[in-house]
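Single-structure report; data block below.
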Amino acid sequence: MPELTEQQLTDQVDLLTRGAEALYTESELRHRLAWAAREGRPLRVKLGMDPTSPDIHVGHVVQLRQIRKFQDLGHKAVLIIGDYTARIGDPSGVNKTRPVLSGEQIDANAATYVAQLSRVLDPSPEKLEVRRNSEWLSQMSFEQVIRLCSQMTVARMMERDTFELRFKDGVPIGVHEFLYPFMQGYDSVCIHADVELGGSDQTFNNLVGRTLQENAGQKPQIVMIFPLMVGLDGVQKMSKSKGNYIGITDEPNDMFGKVMSIPDALMGNYFELGTELSRAEIAALVDPAQTHPRKAKAELARLIVSQYHGPASGAAALAEFDRVFSQGNVPTDMPEIPIPAGAIPLVDLITLGQFADSRGEARRLIQQNAVSLDDVKISDIAATVTPATGQILRVGKRRFGKIVVQ
RNA sequence: GGGAGUGUGCCCGAGCGGACAAAGGGAACAGACUGUAAAUCUGUCGGCAUUAGCCUACGGAGGUUCGAAUCCUCCCGCUCCCA
C-alpha cells in the first residue's frame, strides 16, 4: 500500500465512517489509516458474533457493509465467534443463562456464519480471519482473570443502563455478567484489533476494549458505533431473540413480505440503513406527495431482496407479491401436504398441513371463516372432504398448501 | 447469619377458600376495513370432545377442607433490608 495523500485520507475516513452514529476517535482513525499505508500493514477490523443462533439479519448488515469497505481498501476483517462469551449470555438481552454449546454445534454455526457473511463480506482468507474466543479465554488462569477485573470499578460497570435498570427494577444480575464486557474487550487485546464496529447497544463493551488494550500496552482500537435497525414491529430493535428480523438468507418472497409489513413510518429508517440510496433519493421516496407509500415500500422491498438474492429475484418477488396479494391469486410455489387417500375430516387436513397445532385450533380457524379448499370457503367444523392431488388448501390470508394424495 | 417479601398461562400482571382454564394488558392468530400496510373495530387465544363434559395447569412435594391458585408444613428459586 502506498502512502496516502491528505485528500485520500480524508476521503477514506469519510467513506468508512458514513452512517456511523459515534466515532472514537476520528483523528485516531486518520492516523491509523496513514500508518497502515506507510507500513504496508492492513488494519485488523474486529467483528464479534454470538454463536448461539446462526441467523444474520439485515440489521447486522449496517456494520457488515462498512467492514466490507475496509476490506476493499485492503484491510482485514477478523470475525470472532464468541463461543466462550455465549456461556454468560449478553447482559443487554433478557436475563437467561444460556446453554453451553457443544463443539460440533459451534462448528456448524460458525460455518453457516461464514456462508451468510459471504453475501456481504469478502470471505477470502487474506481478507477474513475467523477465530473463536475460547482459544484464549479458556487458557486464562484465575489470576489473570482477577487482574483483568481489577481494571474496572463497580461504579463504572453500573453505568451500563442495562445493569442500572435491572438493578433498579429488582431484576437479578449475576456477578458473572460483569465479566461480559471484559471478555469482549479482552478479545480485542488478543487479536490486536485496530478497529471495532458495533451497534449502539455495544458502545460500553467496545470502549472497555480500548481501556484493556491501553493497559496492555497496545494502541487502543478505534470504535465505530452504528445505529440499530428497528425490528418489523416498528418498536423494538431488530434482534434474533425477538423474532422481528429479516434474515439475510430468508427466501425472496418471505423477505419481500416482511418488508411490506413494516409500518410506513419505518420506511425512512430502512431505506437509510438497509439500502445504498442517497439521501435525496430517499427523501423523494418517503415523501407521500411525490411517491405513493405503497409504491415506495414495494421499491424498498425490491431493493432489499435484490441485495441478497440478485436483481432478478427482487423483480420476481415483486411480481409474485402483486399476483398473490393485490390480485388474490394463489402463489406459484407452496408447500405440499401429503395425505392418505380417501375421505378425511377437514380439521385433520388442517393439522396435517401444519396450519394448526391442535384440532381445537383447526376448528376455531374453520369457525372464523379462514379455511378454504380450492377457493371454496368451508365453515362447518364437522366437514369431511375427499381432496384430490393438486387441490389447494388455504388457511388465513397467507398460508397455502398443495394437496398430494399418497 | 437475622428479618421482610415474592414465584400465576408465550410475556407482563390481577386474584388471596367455592361463581377460576384464572381479570386486564402485550404478543400471536382469524375476520372487517386497506396499500397483505400501519392504526382501528370484532372475535379467538391449554388439550380432548359436535354439545354436555372430561383431563392438565397457578415454583415442587405433602397436608387441612365437601371444595385450594388462594390456608398449613417442608423444600427450591428470586428480590430487598440489617449484619
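Below, chain A is the first sequence line, B the second, and so on; all start at residue 1. This is a predicted model, so every value here is computed, not measured.
- The side-chain contact (heavy atoms from CB on, under 4.5 Å) with Tyr270(A) is formed by just one residue from the set Val286(A), Leu303(A), Thr275(A), Ile262(A); it is Ile262(A).
- A perpendicular orientation is assigned to the rings of His75(A) and Phe70(A), their planes being inclined by more than 60° (bins at 30° and 60°).
- Between Arg359(A) atom CZ and rU50(B) atom C1' the separation is 11 Å, expressed in whole Å.
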- Writing each nucleotide of RNA chain B 5' to 3' as (, ), [, ], | or . by Watson-Crick or G-U pairing under 3.5 Å yields ((((((((.[[[..)..(.....]]].(((((.......))))).(((....)))...[[[[[..)....]]]]]))))))).
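- Nucleotides rA52(B) and rG17(B) are separated by 28 Å at their C1' atoms, to the nearest Å.
- rC29(B) atom C1' lies 13 Å from atom CD1 of Ile350(A), rounded to whole Å.
- Considering only heavy atoms from C-beta on, Tyr308(A) comes within 4.5 Å of Val61(A) through its side chain.
- Between the P atoms of rU51(B) and rA39(B), the separation comes to 34 Å (whole Å).
- For Arg363(A), a side-chain nitrogen or oxygen approaches OP1 or OP2 of rU50(B) to under 4.0 Å.
- The stretch residues 375-387 of chain A has no heavy atom under 4.0 Å from RNA chain B, so no residue of it qualifies as close.
- Rounded to whole Å, the P atom of rU79(B) lies 15 Å from the corresponding atom of rG13(B).
- Nucleotides rC74(B) and rG3(B), compared at atom P, are 13 Å apart to the nearest Å.
- Taking atom C1' in both rC80(B) and rC29(B), the straight-line distance is 40 Å, to the nearest Å.
- For Thr203(A), there are no side chain to side chain donor-acceptor pair (under 3.5 Å) partners, not counting sequence neighbours.
- Salt bridge status for Glu299(A) with Arg302(A): present, with a side-chain N to carboxylate O gap under 4.0 Å.
- Along RNA chain B, the nucleotide nearest Asp357(A) and the nucleotide nearest Asn369(A) are compared for position; the residue whose nucleotide lies closer to the 5' end is Asn369(A).
- With hydrogens and angles ignored, the 3.5 Å screen pairs no side-chain donor or acceptor of Arg65(A) with any backbone N or O of Glu276(A).
- Between Leu23(A) and Ile222(A) the shortest side-chain heavy-atom distance falls below 4.5 Å.
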- Between protein and nucleotides 77-83 of chain B, map the contacts as a letter string: B base, S sugar-phosphate only, - none, heavy atoms under 4.0 Å, written 5' to 3'. -SSS---
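- Between Lys258(A) and Glu251(A), none of the side-chain N atoms (NZ, or NE/NH1/NH2) sits under 4.0 Å from a carboxylate O, so this pair counts as no salt bridge.
- Taking atom CD of Glu361(A) as the reference point, atom P of rA30(B) lies 10 Å away to the nearest angstrom.
- OP1 and OP2 of rA30(B) both lie 4.0 Å or more from every side-chain N or O belonging to Arg398(A).
- A donor-acceptor contact closer than 3.5 angstrom links the side chains of Asn215(A) and Gln151(A).
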- Message: Generate the contact string for nucleotides 39-46 of chain B. Rules: B means base contact, S means sugar-phosphate contact only, - means no protein heavy atom under 4.0 Å.
- Response: ----BSS-
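- The same atom, P, is picked in rC55(B) and in rA69(B); the two are 14 Å apart, to the nearest Å.
- Side chains of Met334(A) and Arg399(A) form no contact here, defined as non-hydrogen atoms less than 4.5 Å apart.
- One atom, CZ of Phe355(A), and another, C1' of rC29(B), lie 14 Å apart when rounded to the nearest Å.
- Centroid-to-centroid, the aromatic rings of Phe321(A) and Phe325(A) come within less than 6.0 Å.
- As judged by a 4.0 angstrom heavy-atom cut-off over every strand, Arg323(A) is placed among residues making no nucleic acid contact.
- Under the 4.5 Å side-chain criterion, counting only non-hydrogen atoms from C-beta, Lys127(A) is not in contact with Lys76(A).
- Checked against side chain to side chain donor-acceptor pair (under 3.5 Å), Lys46(A) has the following partners two or more places apart in sequence or in another chain: Ser188(A), Glu196(A).
- In this pair, His60(A) and His57(A) present their aromatic rings parallel. The plane angle is below 30°, not in the 30 to 60° band.
- As rounded to the nearest Å, rU64(B) and rU73(B) have C1' atoms that lie 11 Å from one another.
- Where Arg399(A) and Ile262(A) meet RNA chain B, the nucleotide closest to each residue was compared, and Arg399(A) sits on the side nearer the 5' end.
- Remark: the Thr25(A) side chain and the Glu28(A) side chain contain an N/O donor-acceptor pair separated by less than 3.5 Å.
- Rounded to whole Å, the C1' atom of rG60(B) lies 7 Å from the corresponding atom of rC76(B).
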